There are 2 protein chains.
Amino acid sequence: MTSKQEFIEKLRNSCLRPTKQRINICEVLFNRDKTFHFTINDLFNLIKDKTGEKISLATVYNTVHAFHKKGYLKEIPINSNQTYFDTNVTDHHHFFDVKEEKLIDLKNEDVGPIEIQKSIPGKKIKSVEVLVKLED
Amino acid sequence: MTSKQEFIEKLRNSCLRPTKQRINICEVLFNRDKTFHFTINDLFNLIKDKTGEKISLATVYNTVHAFHKKGYLKEIPINSNQTYFDTNVTDHHHFFDVKEEKLIDLKNEDVGPIEIQKSIPGKKIKSVEVLVKLED
DNA sequence: ATCTTCTTTAGAATAATTATAAACAACAAA
DNA sequence: TTTGTTGTTTATAATTATTCTAAAGAAGAT
Ligand SMILES: [Mn+2]
Ligand SMILES: [Mn+2]
Ligand SMILES: [Zn+2]
Ligand SMILES: [Zn+2]
């Protein structure tokens, strides 16, 4: 449980002005026990439900991308009509329940280390992600 | 090198009428040595270049999805503004060169077998894909 | 208080994809 | 071959996620 005051400090330390909207979004996103996977639309609706106040869609986009740029959110590569984000920014893998359209974290020990044996001259590895699609 | 006649047969066997457009798309997609990674837009332009004739964008979408549904094309999960497809429909992994926006096949031996140790009740694994993002 | 800079916002613009419905082509049955 | 049926192509419109714009508002510094 992070206090409003702590979010304000974190935002300031990140050169992001602690506006009412950003603080609300912080609380919705980061005041939780488990990792949270969401689309912009999920978040937009959740904010209305949880805080009772509406934040404009443009602001939700702006804020999510600001947080993403600062490394506080991760983007998950799946083919969907909407982009998925993740509050767990560590390197980790996912199940994707295709029917429910839901992401589930995989612990690294559930997958084991992945050694990439091939390399491309002049390029280095930025990330290695496993996506396990689930069906019924 | 597959002949036009063979494409016609393959289309018929798949309950897809062998139209001029579908045969052309087959030739552009499948008459190649190496696996081909593309977006709808790539394909649309390539058809004009290679065959001199224009196929309507709607038909390119229709055909790609028809082929995808029949299992002749694979969809590659990456976050991009456009969806990527692959003529290599076997289970395999990818490099994605973020700067060039290009996919490169990884052989399974370049990655090694991936054992998923976790399972979700009532769900079974449909696919396991590794995406390795590359930067300079 | 005042000024500057950053942020929010509604609404417009963009761009990938999908839907529509009329013209057309493939196929099978006469 | 003609004819009828069904599947396909096409131009165009609709949809939808995302980004852009520019004006109003809020935060922070002086
Ligand atoms: Mn996750
Ligand atoms: Mn491939
Ligand atoms: Zn982002
Ligand atoms: Zn498809």
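Not measured: the values here are computed from a predicted model. All chains are named by letter (A, B, ...) in the order of the sequence lines, taking the proteins before the strands, and each is independently numbered beginning at 1.
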### Message
Side-chain N or O of His65(B) versus OP1/OP2 of dT17(C): is the shortest distance under 4.0 Å?
### Response
no

### Message
I need the CD1-P distance between Ile78(B) and dA16(C), as an integer number of Å.
### Response
14 Å

### Query
Which is true for Thr83(A) with a 4.0 Å heavy-atom rule: it touches a base, it touches only sugar-phosphate, or it touches nothing?
sugar-phosphate

### Distance, rounded to the nearest Å, where Asn13(B) contributes CG and dC27(C) contributes P
12 Å

### Query
What's the CZ-C1' distance between Phe44(B) and dT17(C), to the nearest Å?
14 Å

#### Entry: Euclidean distance, atom CD of residue Glu101(A) to atom C1' of dA17(D) [Å, nearest integer]
14 Å

### Query
Between dA17(D) atom P and Phe85(A) atom CZ, what is the distance in whole Å?
14 Å

### Summary
Comparing nearest nucleotides in DNA chain C, the 5'-proximal residue of the pair Tyr61(B), Arg12(B) is Tyr61(B)

### Message
Does Glu27(B) form a salt bridge (Lys or Arg N to Asp or Glu O under 4.0 Å) with Lys50(B)? I'd like the steps, not just the answer.
### Response
CA-CA 10 Å; Glu27(B) 286 179 327; Lys50(B) 280 211 175 179; over 6 Å; no

### Task
Quickly work out the Ile8(B) CD1 to dT8(D) C1' distance and round it to whole Å.
16 Å

### Message
Tell me the interatomic distance from Ile40(A), atom CD1, to dT16(D), atom P, rounded to whole angstroms.
### Response
18 Å

#### Entry: Side-chain H-bond candidate by donor/acceptor type, Asp86(A) with Thr35(A), under 3.5 Å
yes

### Query
Asn62(B) and Thr59(B): side chain to side chain donor-acceptor pair (under 3.5 Å), yes or no, with the steps?
CA-CA 5 Å; Asn62(B) 288 341; Thr59(B) 298; 5.0 Å; no

### Task
Check whether the side chains of Asn88(A) and His37(A) place a donor and an acceptor atom closer than 3.5 Å, and report yes or no.
no

### Query
Just one of Ile114(A), Val130(A), Val128(A) clears the side chain to side chain contact (heavy atoms under 4.5 Å, CB included) bar with Val111(B), so which one?
Ile114(A)

### Query
For every nucleotide of nucleotides 4-9 of chain C, 5' to 3': is a protein heavy atom under 4.0 Å from its base (B), only from its sugar-phosphate (S), or from neither (-)?
-BBSBB

### Message
Please find the pair of heavy atoms, one from Lys118(A) and one from Phe95(B), that lie closest to each other, and give the distance.
### Response
O-CZ, 3.4 Å

#### Entry: Nucleotide dA16(C), atom C1' - distance to CG of Asp42(B) in whole Å
13 Å

### Query
Quick one: which of Ile55(A), Val60(A), Val64(A), Thr39(A) gives a side chain to side chain contact (heavy atoms under 4.5 Å, CB included) with Phe44(A)?
Val60(A)

